[in-house]
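Reading through the structure tokens given below for one structure.
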Amino acid sequence: MTDTDKREEVRVRFAPSPTGYLHLGGARTALYNWLWARKTGGVFILRIEDTDVERSTRESVQEILDGLTWLGLDWDEGPHFQSHNLERHVEAARKLLESGHAYRCFCTREELEAQREEAEARKIAFMYNGRCRDLSQDEIDRRLEEGQPYVIRFRVPRSPLSTVVFEDAVFGRMEKRGQDIEDFVIVRSDGRPLYILSNAVDDFLDDITHVIRGADGIANTPKQILIYQALGWKPPVFAHMPLTLDSKKAKLSKRKHGEVVTIAYYRRHGFLPWALCNFLALLGWSSPDGTEFFSRDELIRTFDLSRINRSNSIFNYVPGDPKNWTDPKAIHFNATYIRTMPVEELAPYVEEELKEAGLWKQEYEGEKRGWFLATVDLIRARFHTLKDFSSRGRCYFSQEFEYEEAAVKKNLSKEPRLRVYLPDLAQRLERVESFGSSAIEEVFRSYAEEKEVKAGLLINAARTAVSGTSVGPGLFEMLETIGQEEVTRRLRGAISLIPSSEN
RNA sequence: GUCCCCAUCGUCUAGCCCGGCCUAGGACACCGGCCUUUCACGCCGGCGACAGGGGUUCGAAUCCCCUUGGGGACGCCA
């Protein structure tokens with residue numbers, strides 16, 4: 001462990017605003033916080049920052065909860081709702097006002113807007129000019145009496161030497177001169193506190209020890225530290241994670257990239273939740289020995305804030321590429337997990353998928369449990385997502401499946417004699433006492449010899465006849481799995497796909 | 001425009017803090033080959049990067065400076 005976790009109990013939080021979907025960036029932030037909490041034996045808090053009433057929705061809250069639950073990122077406290085703490089935020093603002101760390105600003109939106117535009121036009125940086133910073137008490141009282149609306153601004157120390165310094169757990173020592181920070185607004189003219197204040201107050205109230213968030217929060221950090229200091233609170237450790245950008249180096253957003261950046265999308269497209277987590281963990285973090293695949297416990301053990309990267313990473317998704325419908329490495333992680341995890345652990349996911357596709361049979365958890373597991377094990381090596389079990393794997397679970405045109409053309413329609421061979425094989429297979437792969441193989445091999453044809457011809461034809469495709473596991477295992485009765489039925493049925501020799 | 005941050009294969013990255021072990025390692029993707037009844041898997045091999053320029057040093061991917069490029073923040077949003 002690093003020196004960032006000296007305190008007794010680590011307390012971290014994931015604090016999304018419920019204004020949209022849970023997306024990859026948010027999930028990664030949640031994951032890093034969760035990992036840090038689990039690693040240190042600390043507490044992971046979920047806080048919904050819903051103070052933007054115009055944009056916050058209940059559906060979004062539910063989506064976030066569902067997404068985190070699906071990913072397996074369980075939280076220990078919450079969800080807390082920021083809006084429930086409004087009085088505490090206002091109270092903090094009042095204290096800041098009383099102690100002189102904040103002041104009332106009577107400048108109107110229109111005035112500020114005009115100043116902003118002018119600055120823009122003259123291509124100079126806009127920063128609030130501090131006009132209300134030193135209003136006399138009489139002046140303030142007079143304006144209050146007149147009922148003039150005001151916002152509350154934080155009085156940023158203006159001495160030329162004043163600097164806010166903090167040690168970021170990822171970026172190291174960070175410094176910001178007071179003169180480069182404007183007197184930021186902490187309370188709106190309608191009395192509602194702003195994020196910058198609410199967030200800091202909530203972190204204090206929740207006893208947050210480590211703020212692990214996206215690097216877009218860096219600019220807020222000096223301001224929030226100022227708030228902490230003015231209130232006499234000890235600031236938490238900040239750890240800013242690099243951002244994840246798209247292939248054009250723009251920030252990932254649902255608006256711009258659509259579903260592909262949402263967690264729900266991966267769930268719908270047959271991702272294993274942990275495969276996604278594992279992939280996400282590696283976007284901006286790496287293990288000391290280069291290991292890439294981790295179980296939960298291994299990742300928890302290995303994860304460390306000090307190994308978080310400082311440079312942004314790119315989510316390598318290229319729109320319009322059907323093969324790479326998301327980052328290829330993400331697909332690779334999913335496929336590898338599907339192929340290598342214990343089949344018993346994979347089974348529940350396949351079950352869910354088959355149920356959704358209407359292919360699930362009750363007996364798969366009863367007398368055919370063994371068959372089900374063996375079949376999943378047989379076919380999974382070629383699959384990339386859970387969806388493949390109900391699409392490409394359909395012929396194992398249903399009597400109804402599609403014949404691929406290309407496969408039929410390649411393996412069936414070229415050879416008219418298959419109209420004889422296939423029923424012959426069916427007849428012989430029917431007579432096999434114990435329908436196992438070696439007995440099946442024997443039937444094929446001897447028949448091929450007898451008819452003086454290549455075994456491959458029969459094998460490929462049979463593959464297409466029973467599965468509709470030209471690819472798949474070894475034929476004999478495949479036939480064994482599909483079963484004697486069904487195999488012979490399909491072999492006979494397939495002759496309708498073979499043209500007779502006259503044609 | 002101002003402030004801040006970042007910079008190694010197409011992508012994710014190791015190495016950088018504590019210069020030499022780096023003719024820069026791994027992973028994904030891609031391309032070959034082997035295996036094979038097909039497709040995968042697996043194995044073997046290939047392609048492919050220290051942004052540029054100055055320093056410092058016997059020696060720089062590693063330290064310093066500049067340039068360039070990229071990103072972020074500049075709201076009475078969060």
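In what follows, chains are A, B, ... by sequence order, proteins preceding strands, each numbered from 1.
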To the side chain of [X], which of [options] is closest?
{"X": "Lys249(A)", "options": "A78(B), C12(B), G71(B)", "answer": "G71(B)"}
{"X": "Asp52(A)", "options": "G26(B), A78(B), C76(B)", "answer": "A78(B)"}
{"X": "Phe476(A)", "options": "C3(B), C77(B), U37(B)", "answer": "U37(B)"}
{"X": "Arg339(A)", "options": "C41(B), C12(B), C74(B)", "answer": "C41(B)"}

For the [atom1] atoms, the ones on [N] and on [M], what distance do you get once it is rounded to whole angstrom?
{"N": "C31(B)", "M": "U37(B)", "atom1": "C1'", "value": "25 Å"}
{"N": "U8(B)", "M": "A49(B)", "atom1": "P", "value": "14 Å"}
{"N": "G48(B)", "M": "U13(B)", "atom1": "C1'", "value": "15 Å"}
{"N": "U68(B)", "M": "U23(B)", "atom1": "C1'", "value": "29 Å"}
{"N": "A24(B)", "M": "C50(B)", "atom1": "P", "value": "11 Å"}
{"N": "A51(B)", "M": "G25(B)", "atom1": "P", "value": "16 Å"}

Exercise. With ring centroids as reference points, do Trp285(A) and Tyr32(A) lie under 6.0 angstrom apart?
Worked result: no
For this session: Might you confirm whether atom CZ of Phe435(A) has over 12 heavy atoms from other residues, nucleotides or ligands at distances under 6.0 Å?
Result: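 More than 12 heavy atoms, drawn from other residues, nucleotides or ligands, come within 6.0 Å of this atom.
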Exercise. Can you tell me if CD on Gln148(A) sees more than 12 non-hydrogen neighbours from other groups inside 6.0 Å?
Worked result: yes
For this session: Under 4.0 Å between any heavy atoms, over every strand shown, what does Arg307(A) touch: base, sugar-phosphate, or nothing? Just pick one.
Result: sugar-phosphate
For this session: Identify the two heavy atoms, one from Lys256(A) and one from Ala250(A), that lie closest to each other, and give their separation to 0.1 Å.
Result: NZ-CB, 3.3 Å
Exercise. So which of residues 458-469 of chain A are in contact with RNA chain B, with a heavy-atom cut-off of under 4.0 Å?
Worked result: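 By residue number: Ile459(A), Asn460(A), Arg463(A).
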Exercise. Are Arg158(A) and Asp183(A) within salt-bridge range, i.e. N to O under 4.0 Å?
Worked result: yes
Exercise. Would you say the side-chain atoms of Glu353(A) and Ser390(A) include a donor-acceptor pair closer than 3.5 Å?
Worked result: yes
